[in-house]
Amino acid sequence: MVFISTRRAFALLLSMFLCVLPLHLQAQSVQHPPLLVEQSLQVLVGSREDRDKNLAIFEQRGKTDVVPALIQALRFQPNSTQLRSTLVSLTGQPDQSWDDWMLWQEEHPEIKPFDGFDVFKARVTQLIDPNFADFLYPGVRHSIRLEEIAWGGVNKDGIPSLDHPGMIPAKKADYMRDDDLVFGISINGDTRAYPLRIMNWHEMFNDVIGGVPVALAYCTLCGSGILYETDLGDGKEPMIFGSSGFLYRSNKLMFDRRTHSLWNQFTGRPVVGTLTGTDLELKTRPVTITRWEQWKAHHPKTRILNIDTGYRRDYGSGVAYREYFSSPELMFPAQVDQSENVAKSYVFVLRLQGKEQAWPLSRFRGGQVVQDKIGEQKIILIGNEKTRTVRAYAGNDEVFSLVQKAGYLKSENGSWEVTEDALISEDGHQLERLPGHISYWFAWNNYSRSGAFAD
């Protein structure tokens, strides 16, 4: 999500913004913001004297409703002794880093921010980028806690989406290495490959594949690329999505260009803005991560993303996010239970009939078939840990296993061909493909533990 290498650089960058912009900058609809808003802003952008005076007022007042604002301020003033002392005094918690305060805040939803926190949040984020007013403004509807929304280090569209990008035949993709990973997609016979080495820089494409308007919402921080249909069936033009510059629990918040509502990348639901509270949920489509050599071998007529995207980026293999992908650490705080899997181990996620389940990619070491159930739905998973590949299909009562011939399974009743749409038996019976995706464990674990999938 971010290209700044350290959080110290984050703080320096925001300090530059805050120093050159006037304190009175605010959402246009706000004429007389509450006193707590102004006092909290003084803590963040005022002089040291004003900051310490207002922190003393907060301590004497003794209420925790200012804690969310102080945690936000701490991110950009990590060395403020008085600020840290006030947080300790108001909460009874030990002194800790911004990351740990964010984790504590996630665990304590009973800590409610003061009335007008939406004004404070809007004003602070507009100091970073005035275009953030499209997303956060006084009175904005939201189903997630505004205090848990974190700036990701870039402005609105700072990570530009690829909208209807150019495609080329496989034989012309001389920039690709055989072991480069791609997002492989096939809809109505239209087969395409979108290399991760390019998508790591853009995190979103909007396209029409096989006549179906779709968007690939890719969160590099949580290792998850999800293919969504963007035609809502409302008679309007399909949604076009972009990257907002905001995160929620280390997961990107994407936005639609029609209403500028923020959507949860992991669930496909609007969570901030005018669409919040509706029953909208984007329909998912199957997407496969695999090596380029395997995808083009199985789909010789595939087209692939043209490296000439119109943007100047180093699209070399393993360039973008090299340090993050190779590190076990998260870049932003999020609660995760690591008793079963480490935070950044890969899992395959499937959501069906209001239920969800994840399987560690280690289950597919060496190439495996896994048969399981979600609720009453039997499922067949075919995967290979080495290439980060898993495909899911609806199951039946048969037992399946791999065979030597690539692209086929066998059961007690005969041979089955593995396609992007279905498993197809010798007599033409089909078991449909199910739309799952790869993710880091922490992302799925955090949302499943919080009940976000059932919201």
Side-chain angles (χ1 to χ4, degrees), residues 183-189 191 210 212 224-229 266-268 281-291 294-295 297-299 340-341 345-439 441 444-445 447-448 451 453-454:
F183 290 109
I185 300 168
S186 182
I187 301 177
N188 298 329
T191 304
V212 179
S224 173
I226 306 175
L227 188 66
Y228 289 116
E229 290 190 14
F266 213 75
T267 65
E281 181 175 353
L282 299 175
K283 179 182 177 181
T284 54
R285 283 266 183 171
V287 58
T288 303
I289 294 180
T290 189
R291 286 181 175 175
Q294 294 175 321
W295 183 259
H298 293 148
H299 305 285
E340 296 181 44
N341 302 286
S345 59
Y346 284 109
V347 296
F348 178 75
V349 178
L350 195 59
R351 296 194 289 272
L352 290 174
Q353 302 170 353
K355 301 180 183 297
E356 71 282 337
Q357 192 165 330
W359 293 263
L361 245 61
S362 57
R363 290 278 301 272
F364 303 94
R365 188 164 297 150
Q368 300 290 332
V369 176
V370 174
Q371 294 187 242
D372 209 333
K373 292 177 67 176
I374 293 184
E376 298 302 314
Q377 176 66 62
K378 295 179 180 180
I379 56 173
I380 304 164
L381 306 174
I382 310 166
N384 192 317
E385 180 189 35
K386 189 174 183 179
T387 58
R388 213 185 300 170
T389 305
V390 181
R391 293 175 174 88
Y393 300 88
N396 58 14
D397 293 328
E398 299 176 52
V399 178
F400 292 83
S401 61
L402 295 172
V403 295
Q404 189 171 4
K405 185 178 181 181
Y408 284 84
L409 298 180
K410 70 175 181 179
S411 73
E412 59 269 32
N413 292 325
S415 177
W416 292 73
E417 182 183 2
V418 180
T419 75
E420 301 301 334
D421 299 318
L423 296 179
I424 305 175
S425 68
E426 293 172 311
D427 62 4
H429 182 66
Q430 297 190 11
L431 297 174
E432 68 172 335
R433 178 88 179 270
L434 302 175
H437 63 89
I438 301 296
S439 170
W441 166 253
W444 180 83
N445 176 253
Y447 280 101
S448 62
F453 294 122

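Note that this is a predicted model, so its numbers are computed, not measured.
Among all heavy-atom pairs drawn from S439 and V349, the shortest one is CB-CG2, 4.0 Å. In this structure, V347 and L361 approach most closely via the heavy-atom pair C-CD1, 3.9 Å. Of all non-hydrogen atoms in N188 and G210, the two that sit nearest each other are ND2-O, 2.8 Å. Smallest separation of non-hydrogen atoms from I380 and A394: CD1-O, 3.9 Å. Residue W416 comes nearest to S411 through the heavy atom pair NE1-OG, 3.2 Å, listed as atom of the first residue, atom of the second, then distance. Taking each heavy atom of P286 and L227 in turn, the nearest pair found is O-CD2, 3.7 Å.
More than 12 non-hydrogen atoms from other residues, nucleotides or ligands lie less than 6.0 angstrom from CD of E412.
Residues that satisfy the side chain to side chain contact (heavy atoms under 4.5 Å, CB included) test with A297, not counting sequence neighbours, are absent from this structure. For K386, the side chain to side chain contact (heavy atoms under 4.5 Å, CB included) partners two or more places apart in sequence, or in a different chain, are R291, N384. For the side chain to side chain donor-acceptor pair (under 3.5 Å) test, no residue two or more places apart in sequence or in another chain qualifies with W441. With sequence neighbours excluded, no residue satisfies ring pair (Phe, Tyr, Trp, His ring centres under 6.0 Å) with F364. Every side chain to side chain donor-acceptor pair (under 3.5 Å) that S224 has, sequence neighbours left out, goes to H437. For S186, the side chain to side chain donor-acceptor pair (under 3.5 Å) partners at least two apart in sequence or on another chain are T191. Residues meeting the salt bridge (Lys or Arg N to Asp or Glu O under 4.0 Å) test with K355, sequence neighbours left out: none. Partners of S345 according to the side chain to side chain donor-acceptor pair (under 3.5 Å) rule, which considers only residues two or more places apart in sequence or in another chain, do not exist here. Partners of R388 by salt bridge (Lys or Arg N to Asp or Glu O under 4.0 Å), not counting sequence neighbours: none found.
Here the CG atom belonging to L381 is positioned 7.0 Å from the CG atom belonging to L350, to the nearest 0.5 angstrom. From W295, atom CH2 reaches atom OG1 of T389 across 10.0 Å, with rounding to the nearest 0.5 Å. Note that CZ of R391 and CG of L423 are 10.5 Å apart. Values are rounded to the nearest 0.5 Å. One distance of note links CD1 of I187 with CD of E229; it measures 7.0 Å at 0.5 Å rounding.
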Derivation and outcome, side-chain contact (heavy atoms from CB on, under 4.5 Å), residues R351 and I374: CA-CA 8 Å; R351 296 194 289 272; I374 293 184; over 6 Å; no
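Exactly one residue among L434, I382, D421 makes a side-chain contact (heavy atoms from CB on, under 4.5 Å) with Y393. That residue is I382.
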Please list, one pair per line, the donor and acceptor atoms closer than 3.5 Å that link side chains of residues 399-410 to other protein atoms, with sequence neighbours excluded.
none

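Between I289 and F183, some side-chain heavy-atom pair lies under the 4.5 Å cut-off. Using a 4.5 Å cut-off on side-chain heavy atoms (C-beta onward), I379 and L352 make contact.
Pairs passing the side chain to side chain donor-acceptor pair (under 3.5 Å) check and including a residue from residues 365-374, sequence neighbours excluded, read Q357-D372, W359-D372, R365-E385. Each salt bridge (Lys or Arg N to Asp or Glu O under 4.0 Å) pair with one or both residues in residues 423-436, not counting sequence neighbours, appears once here: E420-R433.
F348 does not carry R363 over the face of its six-membered ring by the limits of under 6.0 Å from the centre and within 45° of the normal.
A donor-acceptor pair is defined here as one N or O able to donate and one able to accept, closer than 3.5 Å; no such pair exists between the side chain of Y447 and the backbone of T267.
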